[in-house]
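Here is the structure we will look at, set down as structure tokens.
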Amino acid sequence: MGKENLSNSSQEFKLVGFSKFVRTNPKSDRFNVKRFHHIEFWCSDATNTARRFSWGLGMQLLAKSDLSTGNLTHASYLLRSGDLHFLFTAPYSPSIAHSQSLSPLSTASIPTFDHSACRSFSSSHGLAVRAIAIEVEDAETAFTTSVSHGALPSSPPVVLGDNVTLSEVKLYGDVVLRYISHNKNNDHDFFFLPGFEKIEDNLSYPLDYGIRRLDHAVGNVPELGPAVSYVKSFTGFHEFAEFTAEDVGTTESGLNSLVLANNDEMVLLPMNEPVFGTKRKSQIQTYLEHNEGAGVQHLALVSEDIFKTLREMRKRSLVGGFEFMPSPPPTYYKNLKTRAGDVLSDEQIKDCEELGILVDRDDQGTLLQIFTKPVGDRPTIFIEIIQRVGCMLKDEQGKQYQKGGCGGFGKGNFSELFKSIEEYEKTLGAKQIAESATA
């Protein structure tokens, strides 16, 4: 069936595709959004999961909230690399948690943690992201404004200690958008959030592969139109980029995608939906089936030196780290000097081919990126390593900074990723197909 006959919700949502999309920034945020604050994973074993990500990504184990700090409800471990923070949380014994629930004083450092919900979450989704946390000027205002504009509440504002306010609204599936704000007195003596204690005994072995911040967090949803309209309505975020099956699909499968951004375009929330009627099942549909619904598909991490980051990560791919998607064919790199020779040296172009790095550019900057295979048992969540080149601006003090979303999202890179995942998924189904053929 031709792509022009595909039926999906985005046709009603009126996606125009990559080539016809006109980027505008109406500065329409409904509340003051500063940056990504952290990503929280819910899992069944926070200790080992955190250490695996620490080793695989070069993130230092920074702080903890567990039995040793007086937390009898959940174990939480915080990793940091630059401004990137990953939090891994797992429940303690149900019977201990029940006795805690009867106590007037909870020992949980994350007040929105729910013991039964966490167990159910892990059962449904496996290792997955529970919360995308963004720092806002006022978490109470962000919550009330969001709810008044249609957001489904998950947790009303809670004040932690004297300094931090936390609130949550539902984003998609079982994922929440968490608002964090620091009160006027920013002189605090805690690490990350009240209730967390700094880990001092790991400084003799520092880890740093060059990862510096979260660039974007991508969600997969059954229907793009309703999901985008919902998030836009309560955040005020604007449309930053979009792709249709004609832009990035293959003759076998496809997807539609739209990126939402805040005012300064440093908080980017892309969302994907599957398309139907193709030869193969859309990889987005595969995700939705294995994740049992909508959820975070991948997290894009900014590196200050993607070549260094990739060499360190690849050293550890088969010894506790993360494996990468298959590299594009050699033909992909043949005209790379023509496309990016003014930005990348000949040596860097060779490094791109050696390491399997994808390169694309738009009118503003250049985009270098690569993708891991799924990080857990299920073909669901994976990691992207990215470096944006160009788009340097100066602030009021004359300090240089990089414009948010520099280099866009790269239609060519997106297409290559799509092909790579498609080929990877074929390997997952090869055994089943062979067995059914001989049955």
Side-chain angles (χ1 to χ4, degrees), residues 24-40 63 78 80 82-87 109-112 129-172 175-196 212-217 219 228 230-240 259-270 299 302 393-397 399 401-405:
T24 58
N25 185 350
K27 301 292 182 71
S28 53
D29 290 359
R30 297 194 184 280
F31 42 87
N32 191 334
V33 176
K34 295 183 177 181
R35 63 185 179 95
F36 282 116
H37 189 273
H38 69 273
I39 295 291
E40 183 179 23
L78 179 72
R80 181 181 72 182
D83 292 327
L84 175 68
H85 293 83
F86 277 178
L87 180 66
S109 57
I110 305 294
T112 57
V129 170
R130 164 61 175 179
I132 298 173
I134 58 176
E135 184 177 348
V136 297
E137 184 174 357
D138 188 321
E140 183 172 357
T141 298
F143 178 83
T144 55
T145 300
S146 296
V147 172
S148 68
H149 286 87
L152 299 173
S154 179
S155 173
V158 180
V159 178
L160 309 179
D162 298 323
N163 212 293
V164 177
T165 302
L166 181 153
S167 61
E168 294 175 355
V169 296
K170 295 182 180 180
L171 187 58
Y172 41 68
V175 182
V176 298
L177 185 62
R178 176 176 293 165
Y179 301 133
I180 300 282
S181 64
H182 294 273
N183 299 336
K184 293 181 180 179
N185 176 18
N186 286 321
D187 296 327
H188 50 74
D189 58 359
F190 57 84
F191 296 94
F192 182 59
L193 294 174
F196 282 79
R212 290 296 171 259
R213 65 177 176 86
L214 178 65
D215 186 87
H216 56 274
V228 168
Y230 169 69
V231 178
K232 281 183 67 177
S233 68
F234 74 80
T235 62
F237 286 7
H238 63 277
E239 297 177 16
F240 179 86
V259 183
L260 294 180
N262 73 320
N263 281 358
D264 66 8
E265 300 180 339
M266 293 297 286
V267 173
L268 300 169
L269 298 176
L299 301 166
V302 173
L393 304 174
K394 288 185 179 181
D395 61 18
E396 296 177 354
Q397 288 73 41
K399 183 179 179 181
Y401 68 98
Q402 191 171 55
K403 182 181 178 182

Please find the pair of heavy atoms, one from A142 and one from F31, that lie closest to each other, and give the distance. CB-CD1, 3.7 Å
Nearest non-hydrogen partners of F143 and P153, listed with the distance: CZ-CB, 3.7 Å
For A139 and T165, work out which heavy atoms get closest and say how close. CB-O, 3.4 Å
State, with a plain yes or no, whether a side-chain heavy atom of L160 is found less than 4.5 Å away from one of P111. yes
Residues V175 and V129: closest non-hydrogen pair is CG2-O, 3.6 Å
Can you list the steps and then say if E135 with R35 is a side chain to side chain contact (heavy atoms under 4.5 Å, CB included)? CA-CA 5 Å; E135 184 177 348; R35 63 185 179 95; 2.8 Å; yes
Criterion side chain to side chain contact (heavy atoms under 4.5 Å, CB included) on F237 and V259, from CA distance to verdict: CA-CA 10 Å; F237 286 7; V259 183; over 6 Å; no
Can you tell me how far CG of L84 sits from CG of L299, rounded to the nearest 0.5 angstrom? 8.5 Å
If you measure from the Lys or Arg side-chain nitrogens to the Asp or Glu carboxylate oxygens, is any gap between R130 and E40 under 4.0 Å? no
How far does NE2 of H38 sit from CG of L78, to the nearest 0.5 angstrom? 8.5 Å
What do the steps show when you test F240 against L260 for side chain to side chain contact (heavy atoms under 4.5 Å, CB included), and what is the final call? CA-CA 6 Å; F240 179 86; L260 294 180; over 6 Å; no
Around E140, counting heavy atoms of other residues, nucleotides and ligands shown, do more than 12 lie under 6.0 Å from its CD? no
Please report the shortest heavy-atom distance between G161 and P194, naming the atom on each side. N-CG, 4.3 Å
Hey, what do you get for OH (Y401) to CG (L393), rounding to the nearest 0.5 Å? 4.5 Å
Pick out which of K232, K27, E265 makes a side chain to side chain donor-acceptor pair (under 3.5 Å) with H238. E265
Under a 3.5 Å distance rule, please check whether Y230 uses its side chain to pair with a backbone N or O of L152 as donor and acceptor. yes
Could you tell me whether the side chain of V169 reaches within less than 4.5 Å of the side chain of V176, counting heavy atoms only? no
Quick one: pull up CG in D29 and CG in N263 and give me the separation to the nearest 0.5 Å. 3.5 Å
Can you give me the closest heavy-atom contact between S109 and F196, atom names plus distance? OG-CE1, 3.4 Å
Would you call Y179 and I134 a side-chain contact if the rule is heavy atoms closer than 4.5 Å? yes
Is the H85 ring parallel, tilted or perpendicular to the F192 ring (thresholds 30°, 60°)? parallel
In Å and rounded to the nearest 0.5 Å, what is the CD to OG distance from E239 to S28? 10.0 Å
Side chain to side chain contact (heavy atoms under 4.5 Å, CB included), that's the test. Do I180 and V164 meet it? Break it down for me. CA-CA 7 Å; I180 300 282; V164 177; 4.1 Å; yes
Distance-only, no hydrogens or angles: does the N183 side chain make a donor-acceptor pair with backbone N or O of D162 under 3.5 Å? yes
Can you tell me if H37 and R178 form a side-chain donor-acceptor pair at under 3.5 Å? no
Flag side-chain contact, heavy atom, 4.5 Å: N262 against T235: no
Pairwise distance CG(D138) to NE2(H182) - rounded to 0.5 angstrom: 12.5 Å
